[in-house]
2 protein chains.
Amino acid sequence: MNCSPGQLFSLDSHSFPSDISVMTEITNKADPSAKEQFILYWGDMGGQWGVNRSVAQIHALLYLSPDPLNAEQISEELGIARSNVSNSLKELVGWRLIQRVPVAGDRREHFVAETDVWEMALLIAKGRKEREIDPAIRAIDLCVGRAETETSLHPVTMARMKEMQDFLSTADRWWNQMFSVPKAKLATLIKMGDKVLALLKIGGKKAG
Amino acid sequence: MNCSPGQLFSLDSHSFPSDISVMTEITNKADPSAKEQFILYWGDMGGQWGVNRSVAQIHALLYLSPDPLNAEQISEELGIARSNVSNSLKELVGWRLIQRVPVAGDRREHFVAETDVWEMALLIAKGRKEREIDPAIRAIDLCVGRAETETSLHPVTMARMKEMQDFLSTADRWWNQMFSVPKAKLATLIKMGDKVLALLKIGGKKAG
DNA sequence: CGGCAATTTCTGTATTAAGAGAAATTAGCC
DNA sequence: GGCTAATTTCTCTTAATACAGAAATTGCCG
C-alpha cells in the first residue's frame, strides 16, 4: 500500500493513523477542527448553490489537502459512500476544479484540486455561465422569435421580452470579453478596485 | 368586481374572457404562446437556480404583464394554488422584484414587477450576495480564526484557507464598490464593454 | 358588532434529488 | 488468460422540497 508523506499531525495522544489525515470522520461531533469546519461550511454553501453537499465537501477536502488523495481516502475521511465519491469526483473533474494525478507505486487514482483561487473562481463562473445562463439566452431568443409571429401579443409584453433579450445578450458579450482578459490582469484590476472605478469615471466623462 | 383595462387580445375566435389575460392555463399544452413559453422557460431557469418554479413563473408573468395583477388572477392564469401564490409573492416582495400597488376601486392587493432590467439584475445580484456570499465569508473568517489557534494544522492547509479568505474579502470589496456605482453608469460601462477593457489595459500599464 | 371577502398559516401529500450498498465492469498483475 | 483490486453503474431507500387544500386569521363593510 502506498504511504505518501502524510500530514504531520502532532497529536501525540493517540497512535499515528496509517492513512493520510484520517483523524476522524466529518460527522456531528462536538468540537470539529478548523479543517473539518471549513469542509462543513463549504459543503453547506455548495448546497445553497446548485452543487450538492458531497461534491462541495470533497472539493473542500482536496483544496485543503497538501497531498493528492485517492477515492477511498476521501470516502473514509468524509464518511460518504465510495460510489458517491466516484460520482462526485467525476463531476468535479468535469468542472476542471480537480485533476487526476498519478502517484508513483500506487495503482489507484489520485486527485488534486486547483489551488489558484482566481483560476478556481474563473472555472466556476465559466461553468455556471455555460450550464445556466447560455441555455436561458437561447430559450429567450426562441421565445422572442416566436413572439414576433404573434399578432395577439400585447405590445408592452413584446417590448418587455425584447428588453430582457437585449439585456441578456449585452451581459453575455460583456462576460465573454471578461473571460478573454488574462487571469493575472483580471485579478489585478479587481484588487485595484476603486482605483479602476475612479479611472473609469474619468474615462466615461471623456467618452460620453 | 373590478374590471381593470385588461389586455387587448384580438383573438376573435372565442368570447373575451372576463379576467385579464385568462387565455388558458400554463399547462402542458401542445402549442404554447410566446408569453406562456417565456414564463415556462423562466420558471425552469429559476428551478435550476436557487429559486423555485412557482416564484420564477409568477415573476415572469408580472414582468410581462402590462397591468397590475392580483393574487387570484395569478393563481388562475398559472394554475397554481392560491396559497402558493401568496407565499411566492411574499418572497418576491422580499427580493424587491415586485411591489404591491393599490388599484382604485378594488380592495384586493395588486402587484407589479420591477421592469427595468438593469435594476432587476442589481436586485438579484444584491440579494444573492447577501443571502449566499456574505454568510460564507463570515463562516470562513470564523474557520480561519479557529485555525490560527491550532498547532496541529498542516501549514499548507493553513495557507490555502488564508488564500481563500483573502480572495473572498477582495471579491467582497470589489462587489460593494460596484454596487456603489449608479445604475445608469454601470449599464453604460457594461454596454461599452471592450472599449472599457481597452482603456483599462492602457491604464493598467501606466499604473503598473 | 356581526358578516363577508381576502389573505395567510398550517398540515398532509407528492415529486424530486441525494446518497448508500450491491452488482457489474474495467484495468493491472502474476 | 484467469485472478484480484479498483472503479463505475445501477437500484433502492431516505430525506428534502414543492405544492395543494383546508383551516384560521385578518381586515373591511354594513
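So that the names make sense, note that chain A is the first sequence line, chain B the second, and so on, each numbered from 1.
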Worksheet item: Are B:Leu89 and B:Val55 close enough that some pair of their side-chain heavy atoms sits under 4.5 Å apart?
Response: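 No, every pair of side-chain atoms sits at 4.5 Å or beyond.
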d([atom1], [X]; [atom2], [N]) in whole Å:
| X | N | atom1 | atom2 | result |
| --- | --- | --- | --- | --- |
| A:Asp106 | C:dG28 | CG | P | 13 Å |
| A:Asn70 | C:dG28 | CG | P | 16 Å |
| A:Asn87 | D:dC10 | CG | P | 10 Å |
| A:Gln73 | D:dT7 | CD | P | 11 Å |
| B:Phe111 | C:dT8 | CZ | P | 7 Å |
| A:Arg53 | C:dA20 | CZ | C1' | 13 Å |
| B:Arg82 | D:dG21 | CZ | P | 14 Å |
| A:His110 | D:dT7 | NE2 | C1' | 14 Å |

Practice prompt. Compute whether any side-chain donor of one residue and acceptor of the other, for A:Gln165 and A:Asp141, lie under 3.5 angstrom apart.
Written response: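 Their side chains do contain a donor-acceptor pair, which is all the 3.5 Å distance test asks for.
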Worksheet item: Ignoring hydrogens and angles, does a donor from either the side chain of B:Arg107 or the base of C:dA6 sit under 3.5 Å from an acceptor on the other?
Response: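 No.
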Worksheet entry | Check: B:Ser83 side chain, D:dG21 base, donor-acceptor under 3.5 Å |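 Yes.
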Worksheet item: Is A:Arg53 positioned over the aromatic face of A:Trp42, cation under 6.0 angstrom from the ring centre and no more than 45 degrees off axis?
Response: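 Judged by the rule (NZ or CZ under 6.0 Å from the ring centre, within 45° of its axis), A:Arg53 is not positioned above A:Trp42.
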Worksheet item: Which nucleotide in the set D:dA18, C:dT7, C:dT9 lies at the smallest distance from any side-chain heavy atom of B:Asn52?
Response: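 So the side chain of B:Asn52 is nearest to D:dA18.
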Item to complete: Kindly point out which of C:dT7, D:dC19, D:dT8 is positioned nearest to the side chain of B:Ser54?
Response: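 Among the listed nucleotides, the one closest to the side chain of B:Ser54 is D:dC19.
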Discussion item. Heavy-atom nearest nucleotide on DNA chain D for A:Asn84 versus B:Asn84: which residue maps closer to 5'?
Written reply: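 Per heavy-atom nearest nucleotide, the more 5' residue is A:Asn84.
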Worksheet item: Taking 4.0 angstrom as the limit, do A:Glu114 and A:Arg96 come out as a salt bridge?
Response: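 Judged by the 4.0 Å cut-off on N to carboxylate O distance, A:Glu114 and A:Arg96 do not form a salt bridge.
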Worksheet item: For the residue pair B:Ala34 and A:Arg146, what are the closest heavy atoms and their distance?
Response: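 Scanning both residues completely, I find the closest heavy atoms to be CB-CG, 3.6 Å.
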Worksheet item: Across the strands shown, which category fits B:Glu109 at heavy-atom distances under 4.0 angstrom: base, sugar-phosphate, nothing?
Response: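 Counting heavy atoms under 4.0 Å across all strands, the contact made by B:Glu109 is with sugar-phosphate only.
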Worksheet item: OP1 or OP2 of D:dT7 sitting under 4.0 Å from any side-chain N/O of A:Lys90?
Response: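 Checking A:Lys90 against D:dT7: no side-chain N or O falls below 4.0 Å of OP1 or OP2.
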